[in-house]
Every structure is written in structure tokens, then in C-alpha cells.
Protein chains: 2
Amino acid sequence: MAAPEASTFLSMIAPMKRPTILDVARACGVAKSTVSVVLNQSPAADRVPEETRARVRQIADGLGYRASWRARVLAAKQTGMIGVLYTPPMPLIARGNYEGILSGINETLAARDFHLVLMPLGDNPDEWRQLLTDQRIDGAIVLSRLLPKLAEALISTGTPTALVNADTDLHLPKVLADEYDGCRQSMEHLFDLGHERIVFLLGQQPPHYSVQQRIAAYRDSMEAKGLKRHIKVLECDATQFASDFKQSSSRPTAVVCYTHYLAIKLLQAAWENGLRVPNDLSVTCFSNAYPVEDVVPPLTTVALATVQMGRSAAELVLEQIDTKGAALKRGVTLKTQLIVRKSTAAPAAM
Amino acid sequence: MAAPEASTFLSMIAPMKRPTILDVARACGVAKSTVSVVLNQSPAADRVPEETRARVRQIADGLGYRASWRARVLAAKQTGMIGVLYTPPMPLIARGNYEGILSGINETLAARDFHLVLMPLGDNPDEWRQLLTDQRIDGAIVLSRLLPKLAEALISTGTPTALVNADTDLHLPKVLADEYDGCRQSMEHLFDLGHERIVFLLGQQPPHYSVQQRIAAYRDSMEAKGLKRHIKVLECDATQFASDFKQSSSRPTAVVCYTHYLAIKLLQAAWENGLRVPNDLSVTCFSNAYPVEDVVPPLTTVALATVQMGRSAAELVLEQIDTKGAALKRGVTLKTQLIVRKSTAAPAAM
DNA sequence: CTGAAAGCGCTTACAG
DNA sequence: CTGAAAGCGCTTACAG
């Protein structure tokens, strides 16, 4: 036997069942439908006399009535939940840019009384369709990468969808950052400082929209500047880069890192190898998420409007829901902005 | 008019309604209940001949039947959703230690086919109770701080609950880290290196379980070592600390930072002020979350078993659900572990 | 302007 | 072993 405890105690003095809409209706002497209509402020409520409305509200309040969400969901054919679909593991999805994206989604959703449900995609693609067909979510937001099986399921179930940071030829609403221009801005900045030997540190990355865009801008910028001969996209890691750097005879003077994770690793590797940033090497990256500003030295970076990306994605799916899928499935591309900090400087005199 | 698009096209060739359980039952020539029982593998299914079970499964599959989650929720009186209740803004809750905690929660939940729903607590405490009374979630996990109004709502609604990193005298299951011992380990480490002038950098923090425990361990350790005269808990920020440090005549040789955020800021402030860590000052902190290991220099820190904390919390609420609240509302305290990196070293010779 | 009724699509005792 | 029925608690056309 457990010791007496608060919850037991309270359940003893307040053991009454939750009141249902029927209880409220009876107490008010009106029909269930009237209670429903009044409490939900449906359009039909306009035709209920203010006096009745007030009474219903008051009695419902007095009884501590709250509509059962479970029942409402069945009757109203909506759950008010938007699934955020992602490929596990989760940590990566809550970090860096995704932190802002999730915040933005959540903010917009909350304002409309929708909720965000995290839905990790299991290993078996055949189950993905079921996530959508069981009518649990009213809409879906897909982060980062749209796998073909998922795309098929999304489209064939007619789920209101928005893609974030995932490109596709499919006609689905999507939110992207103008990564090309962001990278172009970085290059411009480096050129202005006088850099010519600029390399792109990619690391090990699966192909992705962001990869393409950033690399394309890097290449195009170098070419336009007549530096085609110096174009170099490296797939090694930061540690490797730093140790190669020391031995190299033709050192780059600046490096554009594909992610801030890479840049931060590079800062550490540089420190370990006695290289000074930005004196020996300028470093730029993408994403202004924590801790880009807080490392040593603070990183020059391309900020994506992550919170706005999240908001836009949420708006795009809510729009689909509101219009029952009739809304234009438009795409949104948000501006990026270079933020100059202390990891970039003019190259040391040769 | 929008251009023809994939979803329109598909809805034209596959416009059939979702099959319901009744459709399946008819197609199989059995009762709805049989279908339900077989597909859910309820205990009652044992009494259905294997032959029938196979047929039901096959036909359901062929029809692409999937039970409506909306309907199931009403009938089964469970939603399979666990709310993670937190005080906005969200970013803080997805970062640092919470990243691991959320992962752990999600992992355990997913294994049991439960889902995590993020539930930001609005400004109006009176609405919190409604979050719980509308029967949307089967249980709640509260992060970091249990506000009194929420506690009251949780208890009076009998919601299966677990608290993470939030202390309270109330009889609710809770998961804590042994922060006292963690801090004690740090102190031991610093003493071993030869430090005596050790300060605790708290920064601006509202009172909290973690604050109490860490400071208590700091004080106790200093006293036990006969260093009571050097006890100092600072509430300034990292920048202030660094600039005060330079001017101080009796400089500390080591600082224990309340959070890794503070420690990282301090590393930067030290760099800006030309102080070397660990040469001029040893730094330790709490939390082994990103980017503690990746900064310069990598930080000595007390790692909390965050993923395990999340798992335990999820288990505690699932346990309450499984036993209909009869489970012991026990608390779990998880071990912490000091991880020594390069931000600590013996103090410079005086 | 209001109420009776159908319906949302399941699950679960219960009867046979 | 299987099915008919009640019930979960709402919302929403629809009739009056």
C-alpha cells in the first residue's frame, strides 16, 4: 500500500466525473447542439440570444466543462496537429538551423491553436504512408530531405504539406533559403578583403539542395573573378584540412565551410595546429545558430532566416488546410544575410 | 486556375474513399468487432481461427485499410500522446541538456508507439488546466520547473506525470541528476591540480534545484578543504568577470561556471582580454552538450546523463499509464560524471 | 431561432 | 468461438 498522497486525497474529495456536453445542456435546459455552437463560437451562434449564450457559458464554466478533445476530433474531422516529419536521430533536427525552424513553426502553429507533433520516420518506408493515412495529423512539414517514398505517400493521401529546406521537382509548397546568394555574399566579402586562394570545405555530405547551391555559388564567383584555377572543393574533415594546410606549399588564405559545425571544428583544429584565424586563414560558414557568435573568434557567417522559414512553412500548410487544398502551392525563398565577424580578415602579406 | 498538378492528377485516378472497418468486415464476411480484434491483436484474437485472422489481415491490406486514429482515440480512451510541457520560448528547451533529454523521451516513447507533443505553456496559468482536462494527452512530462498552478492542475486531474530536472516536495515521479556529486567531483579535480582560489560563477539565474545543488557542493567542498575564506559566488556575467579579473589583485586560479553557456562566453571574454585558459585560469562547467567539446580549449565539464534522464522520465509516465496510476511514484537520480579536458590545469606558479 | 437526429469510426463488454 | 449492440462525446446539416 502506498502512503496517502495528494492525488489520492484530491480524488477522494473530488471524485465526480468529467461533465459532458450533455450535462451542460441539461443544466442549461437547452440542446447539446446549442451548447456546442455557443462554446465553439460557430457562426450559428449568432442566432442564439445573447442571454442564452451567457447562461451557457456561465454554467459550463461553473461545471468546469471542457469539450473532450478526443470526441471533438472524431466529430470535427480535424486533429489540430501538424506532424513534423524527420529522419532520426532527432538531435540533429533540434540543433543549428533547425532550432530556429522548429521555433518558427511552433510559434505560428500555436497562434492558430495547432500543435506540433514530432514524427520520426521509421526504418521501414512502407510504414510512412500509414502515418498519413491514419488521420492523426491535419498536415505535414518535412524537414531537409524529401524521400521519394514519402513524397508519394504525401501526394497520394492529399496531405497538406510544406517542405523546409528540401528541394524537389514535385509541385509541393516549399520554403528555401537563398543559399546561392548567401554564398555569393561571402565570396564578395572575401574578394573585398583581397583573398584569391579560397577553398570550399565540404566535408562528408550526402547530396542536398544546400550543397548544390552553395558550391555552385562558390564556383561561379571564383570563375567570374577569374580565379577558376583556384577552385577547390574538399571533402576531408576539419582535422585533416588543418594538418594538410600546415604542410601545403600553396596554402589557401580563406576557407568557406559548408556548415558551422565544420567551421567550429576547424577553429579547434587550427588552434591545435598553431594556426591563427583569421591571421593565417580566414574562415566563413553558413548558419547563425548558436554558438557561431560565441566561439573564438566569432565566426563570419551567412545567416538563414530560420525562424521565418519555420513560420512560412507553417503558414503554407495552414493555408492548404483552410482552403481544403485549393491554395496555390507556392514556394517561398527567403533572403540570406552575411554577418561579418572576426574570423575573416585581409590575407597576410605574401 | 492552377496548372494541373500531381495531387490533382492522383486524386482523379484514385478518388475512392478511405475504407472503414465496416468495409473490411463486409469484404471478409465477419463482424466489425472481429476485424478490430484481429488487427489490434487484442487478447480476444486468440480465439479467432488462424485462418480467419489471415484472411482479415490480407483483405485489410488489400483494401489499404488503416484504422482511423481519430475514431480509435475516442473509443479506446487513449491518445497515445505524451505532452512535454515547457515555458516558452522553445529554443532553450531544445538546446544544451534538453536536447539529450528530448531525444531520450522520444526514443522511449517511440518504442511504445507513443508520440511526443510539444506543449508550450501560455501566459495565462488558468488555461493550463484545460490543456490537461481536454483529454488530449495521456500523460505529461514537465521540464525544468514545476509552477504551482501547473502542479495543482496535474494533481487534481490525475494526469500521469514525470518531472525532469525540477524538484518539488510534491509526491510526483521525478528524474534528477546528481548535481551535487557532479560539482563535488569538479572541486576534487581542481583541488588535485592544486587550486585553492576557486570561485563559482553563477550569472543571473532564477532560483532552481540545480543552482542550489551545485552551489551547496561548491561551498561544502571549499569548507571541507579549509578554504572557507575563498568562497565566492558571483552573479555577474562572463564579460564582467573577465574584466574584473584583470584588475583584481587576488585573482582566482579557477572558476566553476554554472552552465556551459557561461563557460563558453567566458572563454571568449578571456580571449578578448588576453587571458589564457587554462594557463591563467582553469574553467569547468556543467553539461556535456554541444559544443562543449568543440570549443577552444575543450571544456572540462560535469556530464549529466541527459538521454537517460529523458528515457527514465518517459518510463515513469508510461508506468503510471500502464498501471492506471497505481505505480509507485518513485524518483530517479542519475549519476553525473566529470569529464576532464583541456580547460583545467595546475595553477601557474605564484 | 432552436432542437432532434444522424453520424464520425472505432473498441469493448456482453450475450449467445 | 463470433456477432450484435452499446458507447465513446462531440459536431453539423437539417427540419421545424
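Here is how names work: the chains are called A, B, and so on, in the same order as the sequence lines, proteins then strands, and each is numbered from 1.
A:L318 has its side chain within reach of A:T108: a pair of non-hydrogen atoms, C-beta onward, lies under 4.5 Å apart.
Between A:Y98 atom OH and A:I105 atom CD1 the span is 10.5 Å, to the nearest 0.5 Å.
A:R55 and A:Q58 form no side-chain donor-acceptor contact under 3.5 Å, judged by distance and modelled atom types alone. Using a 3.5 Å distance cut-off with no hydrogens or angles, the side chains of A:S68 and B:R136 do not pair a donor with an acceptor. B:E99 and B:S103 share no side-chain donor-acceptor pair at under 3.5 Å. Judged purely by distance below 3.5 Å, without hydrogens or angles, the side chains of B:T159 and B:T161 never pair a donor atom with an acceptor atom.
Without hydrogens or angle criteria, A:R18 side chain to B:T133 main chain gives a donor-acceptor distance under 3.5 Å.
Taking atom CD1 of residue B:I21 and atom C1' of nucleotide D:dG3, one finds them 13 Å apart after rounding to whole Å. Counting to the nearest Å, the P atom of D:dC1 and the CD atom of B:E50 are 13 Å from each other. In this entry the distance linking CZ of B:R53 with C1' of D:dC1 reads 12 Å, nearest Å. Rounded to whole angstrom, the span from the CG atom of A:D23 across to the C1' atom of D:dC10 amounts to 13 Å. For the pair A:R47 CZ and D:dA15 P, the computed distance is 14 Å after rounding to whole Å. Note: CZ (A:R26) to C1' (C:dG3) measures 15 Å, nearest angstrom.
We find that A:E319 and A:R330 are joined by a salt bridge, their nearest charged nitrogen and carboxylate oxygen being less than 4.0 Å apart. With respect to the salt-bridge test (charged N to carboxylate O, under 4.0 angstrom), the residues B:R57 and B:E50 qualify. Checked for salt-bridge contact, B:D138 and B:K77 miss the test: no charged N lies under 4.0 Å from a carboxylate O. Under the 4.0 Å criterion applied to side-chain N and carboxylate O atoms, B:R72 and A:D134 are not assigned as salt-bridge partners.
Taken residue by residue, residues 64-79 of chain A places heavy atoms nearer than 4.0 Å to DNA chain C at A:L74, A:A75, A:K77. Near-neighbour residues of DNA chain C inside residues 30-45 of chain A, defined by a heavy atom below 4.0 Å, number-ordered: A:V30, A:A31, A:S33, A:T34.
Mapping B:D46 and A:L22 onto DNA chain D by nearest heavy atom places B:D46 at the nucleotide closer to the 5' end.
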DNA chain C in dot-bracket form (Watson-Crick or G-U pairs under 3.5 Å, [ ] crossing, | inter-strand) is |||.||||||||.|||
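Among the nucleotides C:dG9, C:dT2, D:dT2, the one closest to the side chain of A:P49 is C:dT2.
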